[in-house]
Amino acid sequence: MTEAMDSSSSSTKSNWTYDVFLSFRGEDTRTGFTGSLAYELRRKGINTFIDDKKLERGEEISSSLVKAIEESRIAIIILSENYANSSWCLDELLKILECKKKKGQIIQPVFYKVDISEVRHQRGSFGKAMVAHEEKYKNDMEKVQKWKSALKEVANTSGLHIKDRYDVEYIEDIIKEVSKKLNRTLLHVADHPIGLESRISKIKSLLEDDESSDDVRMVGIHGLGGMGKSTIVRAVYNLLSDQFKCKSFLANIRENSTNKQGLANVQQTLLSDMLGDENNQGDVDRGITIMETRLCNKKVLLILDDVDKLDQLEKLVGRRDWFGSGSSIIITTRDKHLLARHGVENTYELKELEDHEALELFSWNAFKKSTPKEGFMDISKRAVRYSQNLPLALEIIGSDLFDKSIDEWKSTLDKYKKIPNNEILSVLRISYDNLGYNEKQVFLDIACFLKGFNSEVCKQILHACDFHPTSSVRILIDKSLIKIKEDKLWMHDLTQELGREIIRQESPSEPGKRSRVWFHKDALQVLMKNKGTEKIEGILLSLPEAQKVQWNGDALKKMTNLRIIMFENAYFSEGPKHIPNSLRVLDWSGYPSPSLPLDFYPENLVILNLPNSRLTLTKQLNVNLPNNPLPFKFPPFKFPKSRLPFKLPNNHLPLSKTFSFKKHNQMIYMNFKKCASLKKVPDLSGIPNLRELNLNGCWELEEIHDSVGFLDRLVKLSAKGCYNLEKFPSRIILKSLEYLNLRGCSKLKKFPDVPEKMEKIIKIDVGETAIEELSYTFGNLVGLVTLCLSKCKKLSSLSISFLELGNLKELDMEYCLKLEECLKFFDITVPSKLDLVSLCVDGCDLSDEGLHIILTCFPKLTNLSLSRNKFESLPKITQELVYLENLVLNGCENLKQVLGIPPQLKYICALHCNQMTPQSSNILLSQGQHEIPNLNVFVPGTEIPEWLDHCSQGASMSFWVRNKFPVIAVCMVCAEFNHYIQFQLCLLINSIQVYVHQSYVSLYQDHVNLFDLRTLMSSQQWLELNTYLQHGQWNLVQISLAIGAVKWCGVHVYKKESNIKNVAFTSSLDPIPPSDDTKKTVAESMDTLLMSGTTDVHQDSTLLKDGCHKEDTDDKGKDTLVYTNNEIQPYIYSKIWSRGISSNTDRVNSIREDESSNNDNDKKEENEWNKKSRRQKIITLAQRMQNHVELRAKSVKTVMSTVSMGTQIFLIGGTANLFKIYFGIQEGEELLNASQCYLIKTSSPTPGLLFISNKRVVFLPENREYQVLLPKEMVKTVKQEKNLNKPVQRYIDIIFENDHKYRFFGFLFYEMAFKHLQKALSKEGSSEERKLMIDS
């Protein structure tokens, strides 16, 4: 593809390196708003470019930064107070606006605490900056003027104005908008989008130049079919759509508006796209009213593609004032006059491609590359000249000449000379004339009848006409005359018009004299006025709306060469009196008569498709039968003579001339689906080649003739849901049968005898029947692979021959209530050929004895479903099923014990096994210890397995990995919930969401689920996890689970497939030991963090800045390595763990030894703590830590979760930074106090941080689910309360003016916390005095 196409093709596919580029003034917002925004964008998996603060700044932006801007899909411009001071920022802005125009880049201005008018008119700080630039660049005032224009342009662009809300709220809004734009699916433009750029540019300029009333821009594009009008507007839509919140692309309006209801549907699509209104308006006029009232104030982008009637414009874009100012409307049509009639003044005629563009497009089709092969240049130019640079013609001719020799090219092009090149139809007909007879007939049938049909159905129909569709369709595809898209046959509108025009020219004014009739008005004329002739070979009547067709039934009589009848959505006043015997396809949905005409004897009929018909086949049932002297029988009810449905013949017709399903050797398909009046299927012995018989849903069907059981070629026989069927062939010898479905035939009591072996049978479904036994000949179904007997509640005998079914692999006997009677045939002493792989016996009242028989007789099972049965134990013999991989035990309410499990079991589901013992649940969960690949176990239980490598209380956990993502099993303990609920697993690597899984489940008691993470992913998704890792470094992995209430979660590493040394948990030793100096600093910081109810470790945060990889030099000139987050974080966790898990002496001494290295800190702490002895202080701390972590179910888990927040505080740089990131800082606001504690809720205590500032009271929970954020002025008082049950635990109540109370407890230092809260919330005292509390 040429470079000229780069910009246009960018609108058709994703060529962006970055999702978002951030343009900002570093000194204003880098460590605040912009830093937080970048962090959250990346955490959401949005690839964000933010320049390095150490980047050397020069007079011009670097080439790498220019490249980053060009390769970003969205540019967020954060206009802060000092933004315009930087020439670098202003140059960034110019480049961004250039990319917006040329590449369709999306821009999102953010006015950060600046007035938009100051940016637009360069006042205030922006005005001062421009004055300074004018002085500095007085010799280059053009640059300054460009900056001013850019600021004005961006100020006039819809953006986000940050004023009086918290930063975090604005950040959430930005992320939602960015995600919405990134998730937009672009329209497919073209396989080879040649020559689009200049045409797109012209259309954009017309939109900008249109100064019509109300500033609603309307542009019309016209030209011959095949010029690429649709291609152009799809590219324009991709380019412009991000600039509009309301947009709609209405494709194929001509085809979709063939009637009033069709136009209403198009209008409904417009309203749905613009307003999200899914309600069916139903009426065009009502839709107009909605558009006038609801779109008049909205800026919209609307594309109307392929309009061919003024009525369509009037109903969809009647007046400009229907739409808001700034709206853009683009219309494509083949009729220029139509645009003028609607008042569209700005129009663009789409012309042929330029010579070099035409040659490139031709080459892509003829040679599969952008230029001709060596030696083909001159003849390629000759072919392009013949095509007159018409895009569609170039594609067709190029494809026609593909892979042919020069001599073949010359011969073909010589033939092209005979056709004028100045008309589209002539160009298209060149390829048509080059087809053979079969290909022409197939092409014409597709153009007239079959466009948009399923490709396999089309081939079946064409085969019925003896057109050899397999080879013919392939040739048509090679010549680009048709395409297969989503298994449907498609052709371009012009190509279809070519075929139909060829037919129309056969008789322009008389449809009855054409070979094919496809247009519903022509078909109605032929049928209702009896205009048919012997020339008609096919007739299609597909009405846009269901309607009654009033005819006399004689219209088909003259069509003696008719091959195809296709009628749908039409209700005929009466049945046909004659149907031509030349017919190959009779496809008539809703056939109106009880029987086919008596003189209908189509010897070559292949497809008889009469679904939803009134068919009873009464006459066919009563011909050629010994007890009936007449070839017909009167209907069971009487008509007045004047209203007889058919004319009685004077003489009886010869039997050889009546349709009695005799001697139809060509018929292969017969469909009577949902023929509600059909009671009997007649003798079909005269249709020996029948391959498919569909009787589904024939509710009144009582009998199927015995002859059906002897059709040697029958492949598929289905009578599903025939509730009244009692008589089925008593014997079947169906050598070709592969599929038999009698499901739901609830009156059928006996399965037919099978006297001979049937080797091709694959599947039989006789579920929900009244069958009582399987005959002794059932074993002759030797090819049977799948048998469904589900809900055969009367079945009590399988017969001994059942054991002869050596190919049977899947057996479903769900709810066969007499299963144990059937099992007596599985005598283990009798040799059996059965080799079942899958068995379902759900709901069969299976006892322990019956279960033992099943486990003994089917040792090679891989899938076994035993749900809702009565057995009490899973016997030890189960472990001998060495092939069993999937076991389902749901709802086995009596199941208590599991005595053995197969070694290769991968899937175990035991939901709602209420009596299962914990020991049995643990046995099933123990499969995880064997590291079975793709394991998934779901069992009752309340405890998480002890053998897991890591566990955490709550619904989330985190750990570190390096080099390769490990194979892990995830475990969770889920609380009961009595309704279906969504389960969601979210996986993040380095704060980037890389995978989300969702499913649904219902639990009526606590359960434990253990599953190999790979079971949720495709193999490709699993391999892609490694692409998110930073190799050579530690990577943070976070897993969150959402399924009702998750009490515990954990993870187990598969040691056989993963190196445990490359995985680190919170309690593990540091895999990469930091230097002694780093350890010392971390220890001091962690002690400060744990020992203070009011913490601030900001002074130590310089060690942990993101992206800090350089080596700093200390005062002695030595190089000291500064660790990154991923390297130091495991060590930080281990230090906190070692200090907080208990109050034993070793831990206390460890803390004391680390603290002894800093005498200054000792003195300061001695003064602050009233000079208490150090030992007493440490003991008290340890006791309080122990009390704190024991507030929840398990202290180990509490420490893990508490440590998680502590480490986050440390990494972010103190509680002040944490507060700023989550809640922002209001003007004049100071953080006064931060205490780690619990908030009492109705369900359970929630741990988190309580912040007090001079303006707000904020509680940040560790799970981020339940936040408290209220103005401090609303605080009425602070009280102390005692816990009567546990006096050691005291409460602090914060009561607000509305008397709403929040209760907190679990403070590490209760007295200090209460004292600080009182002072912080006091209205007395200076801010300096209150500010000191944060340093305590």
Side-chain angles (χ1 to χ4, degrees), residues 1-9 12 189-202 223-229 231-232 235 349-436 439-440 443 474-483 491-492 494-495 498:
M1 191 178 299
T2 61
E3 292 182 0
M5 276 310 303
D6 286 348
S7 62
S8 60
S9 64
T12 68
V189 175
D191 292 333
H192 309 297
I194 309 301
L196 296 186
E197 185 178 21
S198 61
R199 293 158 180 82
I200 292 172
S201 179
K202 178 62 177 177
L224 294 173
M227 284 291 183
K229 298 184 295 296
T231 301
I232 293 292
E349 182 180 4
L350 195 59
K351 298 181 178 179
E352 295 85 355
L353 296 172
E354 298 295 331
D355 289 343
H356 69 279
E357 295 170 337
L359 180 61
E360 183 180 2
L361 180 57
F362 174 81
S363 297
W364 278 112
N365 286 277
F367 306 102
K368 310 306 178 189
K369 62 178 185 175
S370 60
T371 57
K373 289 197 304 186
E374 184 177 354
F376 280 79
M377 177 60 77
D378 291 337
I379 198 167
S380 294
K381 289 182 178 180
R382 178 184 170 189
V384 170
R385 286 195 298 270
Y386 283 133
S387 73
Q388 295 188 357
N389 293 4
L390 191 69
L392 184 60
L394 289 165
E395 292 180 354
I396 294 175
I397 296 172
S399 298
D400 189 34
L401 297 174
F402 173 71
D403 203 27
K404 292 183 179 179
S405 66
I406 288 183
D407 290 337
E408 288 176 304
W409 276 50
K410 291 177 180 179
S411 175
T412 303
L413 291 176
D414 288 339
K415 182 178 180 180
Y416 288 167
K417 289 181 180 179
K418 301 176 182 179
I419 306 297
N421 292 324
N422 59 347
E423 294 180 4
I424 295 177
L425 197 59
S426 298
V427 174
L428 296 176
R429 187 152 184 167
I430 294 171
S431 295
Y432 171 81
D433 289 338
N434 204 33
L435 296 174
E439 289 75 38
K440 285 183 178 180
F443 173 79
R474 181 71 260 169
I475 291 172
L476 295 176
I477 291 174
D478 290 343
K479 294 181 179 297
S480 295
L481 290 171
I482 64 171
K483 294 181 180 179
M491 59 171 53
H492 192 278
L494 289 177
T495 312
L498 166 67

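Sequence positions, counted from 1, serve as the residue numbers for this chain.
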* Return the minimal non-hydrogen interatomic distance between G398 and F362, and the atom names on each side. => CA-CE1, 3.5 Å
* To do: To the nearest 0.5 angstrom, please state how far the NZ atom of K368 sits from the OG atom of S363.
  => 11.5 Å
* Asked: Take atom NZ in K351; do more than 12 heavy atoms of anything else shown fall under 6.0 Å from it?
  -> no
* Asked: Looking only at heavy atoms, what is the nearest atom pair of L353 and I194, with distance?
  -> CD2-O, 4.0 Å
* Asked: For M227 and L350, which heavy atoms make the closest approach, and how far apart are they?
  -> O-CD2, 3.5 Å
* To do: Evaluate side chain to side chain contact (heavy atoms under 4.5 Å, CB included) for K404 paired with D400, printing each intermediate quantity in order.
  => CA-CA 9 Å; K404 292 183 179 179; D400 189 34; 3.8 Å; yes
* Quick one: do E439 and Y432 satisfy side chain to side chain contact (heavy atoms under 4.5 Å, CB included)? Show the steps, please. => CA-CA 9 Å; E439 289 75 38; Y432 171 81; over 6 Å; no
* Would you find a donor on one side and an acceptor on the other, under 3.5 Å apart, between the side chain of E395 and the backbone of L392? -> no
* Taking the side chain as every heavy atom from C-beta outward, state whether L435 and L476 have any pair of such atoms under 4.5 Å apart. => yes
* For E408, which residues count as a side chain to side chain donor-acceptor pair (under 3.5 Å) partner, sequence neighbours excluded? -> S405
* **Residue pair W364, D191: steps toward the side chain to side chain contact (heavy atoms under 4.5 Å, CB included) verdict** => CA-CA 10 Å; W364 278 112; D191 292 333; over 6 Å; no
* **Least distance between heavy atoms, N365 atom then L394 atom** => CB-O, 4.4 Å
* List for me each residue that meets side chain to side chain contact (heavy atoms under 4.5 Å, CB included) alongside I379, sequence neighbours excluded, and say none if there are none. => F376, I406, W409, K410, L413
* Out of curiosity, F367 CZ to D403 CG, how far, rounded to the nearest 0.5 Å? -> 10.5 Å
* Structure fact -> Distance col, row H356:NE2 vs L361:CG, nearest 0.5 angstrom, shows 12.0 Å
* Taking all non-hydrogen atoms of both residues, which atom of L359 and which atom of P372 are closest, and how far apart? -> CD1-CG, 4.0 Å
* So which heavy atom on T231 is nearest to which on A190, and how close? -> CG2-CB, 4.0 Å
* **Within 6.0 angstrom of K440 NZ, more than 12 heavy atoms from elsewhere** => yes
* Can you name the salt bridge (Lys or Arg N to Asp or Glu O under 4.0 Å) partners of E357, sequence neighbours left out? -> R199
